[in-house]
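Nothing here was measured: the structure is a model prediction, and the numbers come from that model.
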Amino acid sequence: QVRLVESGGGLVQAGGSLRLSCVTSGSIYSIRNMGWYRQGPGEQRELVATHSRDGNTNYADSVKGRFTISRDNARNTVYLQMNSLKPEDTAVYFCNANLYITRWTDPVNFWGQGTQVTVSS
């Protein structure tokens, strides 16, 4: 069974920093893309940042220059370093992994349970 477990959320003042981590575990063959999405109150889930296995990254315009996504393939872990946080960054942050369970099957998306990030003004 594949599991994604996030950690590192919490309450921080505007201008502060947080680092999120997400570990993927279970019986998997290979992970393609890993990423972070967020969902604010009353809003739809939106992309924050993604990281491909070969190192390509992609960021939402709203977080460029403030957030950095990184990945440790050996540990099946993806990180999100969030600096200069703003109240509008308040949301539940979800980890996503697009992965192959076996070498013969199509890739499948898995999600973590989410971790709350709250930025006070």
List the atom of Ser121, the atom of Pro87, and the distance in Å for their closest heavy-atom pair.
-> CB-CG, 3.9 Å
Could you tell me whether the side chains of Gln113 and Glu6 share a donor-acceptor contact shorter than 3.5 Å?
-> yes
Under the side-chain hydrogen bond (donor to acceptor under 3.5 Å, both in side chains) rule, what do Arg32 and Asn98 come out as? Steps first, then yes or no, please.
-> CA-CA 5 Å; Arg32 294 178 67 206; Asn98 183 257; 3.0 Å; yes
So OG of Ser120 and CD of Gln13: to nearest 0.5 Å the spacing works out to 5.0 Å
Find the distance between OH (Tyr79) and CZ (Arg19) and round it off to the nearest 0.5 Å.
-> 5.5 Å
Go through the steps to decide whether Phe67 and Leu85 satisfy the test side chain to side chain contact (heavy atoms under 4.5 Å, CB included), and finish with yes or no.
-> CA-CA 9 Å; Phe67 290 11; Leu85 282 160; 3.7 Å; yes
Ser52 side chain to Asn33 side chain, donor-acceptor N/O pair below 3.5 angstrom | no
Measure from NZ or CZ of Arg38 to the centre of the six-membered ring of Phe94, then state whether that distance is under 6.0 Å and the direction lies within 45° of the axis.
-> no
Between atom OG of Ser21 and atom CZ of Arg75, what is the distance when rounded to the nearest 0.5 Å?
-> 11.5 Å
Would a hydrophobic clustering, with Ile, Leu, Val, Met, Phe, Trp and Tyr connected at side-chain separations under 4.5 Å, put Val78 with Val108?
-> yes
Is it the case that one hydrophobic cluster holds both Tyr37 and Leu4, taking links as side-chain heavy atoms less than 4.5 Å apart, direct or via other members?
-> no
Do the side chains of Thr115 and Leu20 get nearer than 4.5 Å, heavy atoms only?
-> yes
Thr118 versus Val12: any side-chain heavy-atom pair under 4.5 Å?
-> no
CA sep, side-chain torsions, deciding dist, call: Leu99, Thr24, side chain to side chain contact (heavy atoms under 4.5 Å, CB included) | CA-CA 10 Å; Leu99 58 86; Thr24 301; 4.1 Å; yes
Side chains of Thr90 and Gln116: closer than 4.5 Å at any heavy-atom pair?
-> yes
For the pair Thr77 and Asp72, evaluate side-chain hydrogen bond (donor to acceptor under 3.5 Å, both in side chains) and give the outcome as yes or no after the intermediate values.
-> CA-CA 5 Å; Thr77 301; Asp72 184 339; over 6 Å; no
Tyr59/Val48 under side chain to side chain contact (heavy atoms under 4.5 Å, CB included): CA gap, chis, key distance, verdict = CA-CA 6 Å; Tyr59 294 91; Val48 176; over 6 Å; no
Which distance, rounded to the nearest 0.5 Å, do you find between the OG of Ser25 and the CG of Asn76?
-> 8.5 Å
Can Val23 be reached from Met82 by stepping across I, L, V, M, F, W or Y side chains whose heavy atoms are under 4.5 Å apart?
-> no
Closest non-hydrogen contact found for Leu80 with Ala49 is CD1-CB, 4.3 Å
So if you build clusters from Ile, Leu, Val, Met, Phe, Trp, Tyr with side-chain heavy-atom gaps below 4.5 Å, do Leu18 and Met34 land together?
-> yes
Gap separating the CZ atom of Arg3 from the CD1 atom of Ile28, nearest 0.5 angstrom | 13.5 Å
Determine, stepwise, if the pair His51 / Asn56 fulfils side chain to side chain contact (heavy atoms under 4.5 Å, CB included).
-> CA-CA 6 Å; His51 194 302; Asn56 292 320; over 6 Å; no
Does the pair Asp61/Lys64 count as a salt bridge with the N-to-O cut at 4.0 Å?
-> yes
Given Trp36, Trp111, Phe110, the one that forms side chain to side chain contact (heavy atoms under 4.5 Å, CB included) with Asn96 | Trp111
Under 4.5 Å between side-chain heavy atoms, hopping through other hydrophobics if needed: is there a path connecting Ile31 to Val2?
-> yes
Minimum side-chain heavy-atom gap Arg71-Asn73 below 4.5 Å = yes
